[in-house]
Q: 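Structure in structure tokens, see below.
This structure is a prediction, so every number in the text was calculated from the model and none was measured. Letters A, B, ... are given to chains in the order of the sequence lines, protein chains preceding strands, and every chain is numbered from 1.
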Number of protein chains: 2
Amino acid sequence: MPKIVDHAQQKIKVAEAAWRVIRRSGIENASVRNVAQEAGISPGSMRHYFSTQAELFSFSMNLVSERVNQRILKLSFERPVPEVARDLLREMVPLNEESRSEMEVWLAFTSKSMSEPSLRDHADRVYEEMRQAMARILQAMVEYEFASDNLNVEEEAVRMQTYVDGIALHGLLYPDRMPPSRMEKMLDDYLASLCKKEN
Amino acid sequence: MPKIVDHAQQKIKVAEAAWRVIRRSGIENASVRNVAQEAGISPGSMRHYFSTQAELFSFSMNLVSERVNQRILKLSFERPVPEVARDLLREMVPLNEESRSEMEVWLAFTSKSMSEPSLRDHADRVYEEMRQAMARILQAMVEYEFASDNLNVEEEAVRMQTYVDGIALHGLLYPDRMPPSRMEKMLDDYLASLCKKEN
DNA sequence: ATTTTTTTAATACAATTGTGTTAATATAAT
DNA sequence: ATTATATTAACACAATTGTATTAAAAAAAT
């Protein structure tokens, strides 16, 4: 009957507008009206897709992690494990404008999640998923004998995540001293250090 | 003549109230009125110490880094370099409630600084100071032959800072998997890796 | 005790916020 | 063309925001 618009697509359009507002002016300026204007629709209209601001934030935060997830799942796993590991880690630091944008927004949401339990749940879930992905690739490195079987996989996964997130944070905040080339080198060096037996 | 109150002390009292509000409810709720109430004074009264909210934020952010600085300067430097290095790094991660509180607030300000140039300047300055402190301790480790003189001090300082900030971030956000004991171990392991010659 | 000056309290104001409500519009099926 | 309905625009409302102003209160010097 009426004007059929892709509901899901429209929500994504609005969420991406929210990202742009957050990047440009901070999450404290991501008001309903500002996001609607950025999305090119009326504020009242936006309420049709997100009846509350909390919903919009939750959806926008979810969409960030989903995008990263999709890129990771799109990686080819039919390759030597070290190559897969390298590409996996590279998806978790801001190497290009797209991932940089996502991670700036992610940092804003993560920071807000410290005092917002609803966002906190999602942040924790994503943290766990990432850690598990890292544990799996480490396990594979051990099984294919690229890494020593002395390696404590679970413990190393936490260390890896800490290391990678440190690189990502500095890549975001201090890109002059931590440009993409430096991030890649630090990731490569780290993976190389894992490949030496008996570390 | 009139009621003499320690102006500087009062500003600190207000800034610390701002910290508590930021920790409890996020920086977006650190309004003039909320902070004044937390400090136990009237909103109009607070304007005598901070005529604008931007001033309050700037002062509060400065106070955080000053506290960390003061603790670092209070360290005894008349000791074996590796001990000094260990204690220096331990001041840069949330090992106790005091530093945890400071760093939670610091993360909030740092995150806000991404879209607030005024705060950004201070964040960058502190980043440089910390990196230089790390470079100095690394230089000392080389000079006293605890570390190989092959070590590129400036490059390693960036790596060290990235590593330490990663630990601090995970200590803040995921204290279950990154408790103080784990942070200490990761710092110790890192320093030990520097002490092996020819790395 | 009086005076001087800092500090506080109380209000005011326009702007912006999140959230509702309601009337108008546009679109696709009949 | 008519109709049914999804979509939009416009406005309303109370709450909160930063900032400003003004009168009351408090305290220390004389």
Q: Counting only side-chain heavy atoms from C-beta out, which of D/dA9, D/dT19, C/dT8 sits nearest to B/Ser45?
A: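 Ranking D/dA9, D/dT19, C/dT8 by closest atom to the B/Ser45 side chain puts C/dT8 first.
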Q: Roughly, in whole Å, what's the span from CZ in B/Arg47 to C1' in C/dT6?
A: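 So the two atoms are 16 Å apart, to the nearest Å.
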Q: Considering only NZ, NE, NH1 and NH2 on the basic side and carboxylate oxygens on the acidic side, decide whether B/Glu38 and B/Arg23 come within less than 4.0 Å.
A: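 B/Arg23 and B/Glu38: not salt-bridged.
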Q: Counting N and O atoms only, with roles assigned by atom type, does the side chain of A/Ser42 sit under 3.5 Å from a partner on the main chain of A/Ser45, one being a donor and the other an acceptor?
A: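 A pair under 3.5 Å: yes.
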Q: When you measure from the side chain of A/His48, which nucleotide among D/dT7, D/dT21, C/dT19 comes out closest?
A: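 Comparing D/dT7, D/dT21, C/dT19 against the side chain of A/His48, the answer is D/dT7.
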Q: Report the distance from atom CZ of B/Phe50 to atom P of D/dA20, rounded to the nearest whole Å.
A: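 Rounded to whole Å, this separation is 16 Å.
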Q: Which whole-number value in Å describes the distance from B/Gln37 CD to C/dT8 C1'?
A: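 Rounded to whole Å, this separation is 16 Å.
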Q: Would you kindly check if the NZ (Lys) or CZ (Arg) of B/Lys11 is within the cone defined by 45 degrees around the ring axis of B/Phe59 and under 6.0 Å from the six-membered ring centre?
A: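 Geometry flag: set, cation within 6.0 Å and 45°.
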Q: Return no unless some side-chain N or O of A/Ser42 is found under 4.0 Å from OP1 or OP2 of D/dT7.
A: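 Checking A/Ser42 against D/dT7: no side-chain N or O falls below 4.0 Å of OP1 or OP2.
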Q: Of the options D/dT17, D/dG18, C/dT8, whose atoms approach the side-chain atoms of B/Gln53 most closely?
A: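 Selected nucleotide: D/dG18.
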Q: Can you check the A/Asn29 CG to D/dT17 P distance for me, whole Å?
A: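 For the pair A/Asn29 CG and D/dT17 P, the rounded distance is 15 Å.
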Q: Under the criterion salt bridge (Lys or Arg N to Asp or Glu O under 4.0 Å), which of B/Glu155, B/Glu128, B/Glu154 is the partner of A/Arg177?
A: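 Of the listed options, the one satisfying the test is B/Glu128.
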Q: Does C/dT6 have OP1 or OP2 under 4.0 Å away from a side-chain N or O of B/Tyr49?
A: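 Result: no.
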Q: Rounded to whole angstroms, how far apart are CZ on A/Phe57 and C1' on C/dT17?
A: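 Distance check: A/Phe57 CZ to C/dT17 C1' gives 12 Å.
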Q: Would you kindly check whether a donor in the side chain of A/Arg33 faces an acceptor in the base of C/dT19, or vice versa, at under 3.5 angstrom?
A: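 Result: at least one qualifying N/O pair found.
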Q: Could you tell me whether A/Asn34 contacts a base, only the sugar-phosphate backbone, or nothing, with contacts defined as non-hydrogen atoms closer than 4.0 Å?
A: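 Touches sugar-phosphate only.
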Q: Choose from C/dT19, C/dT7, D/dT19 the nucleotide whose nearest atom is closest to any side-chain atom of A/Val32.
A: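 Selected nucleotide (nearest to the side chain): C/dT19.
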Q: Can you tell me which residue among A/Arg20, A/Arg71, A/Arg67 is in a salt bridge (Lys or Arg N to Asp or Glu O under 4.0 Å) with A/Glu102?
A: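 Answer to the salt bridge (Lys or Arg N to Asp or Glu O under 4.0 Å) test with A/Glu102 among A/Arg20, A/Arg71, A/Arg67: A/Arg71.
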Q: Over how many whole Å does the gap from A/Met46 atom CE to C/dG20 atom C1' extend?
A: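 After rounding, the gap between these two atoms is 15 Å.
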Q: Report the distance from atom CD of B/Glu28 to atom C1' of C/dT17, rounded to the nearest whole Å.
A: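 Going from B/Glu28 (CD) to C/dT17 (C1'), I get 13 Å.
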Q: Which whole-number value in Å describes the distance from B/His7 NE2 to C/dT6 C1'?
A: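 These atoms are roughly 9 Å apart.
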Q: Classify B/Ser31 by what it touches in the nucleic acid, base, sugar-phosphate, or nothing, heavy-atom distance under 4.0 Å.
A: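 Touches sugar-phosphate only.
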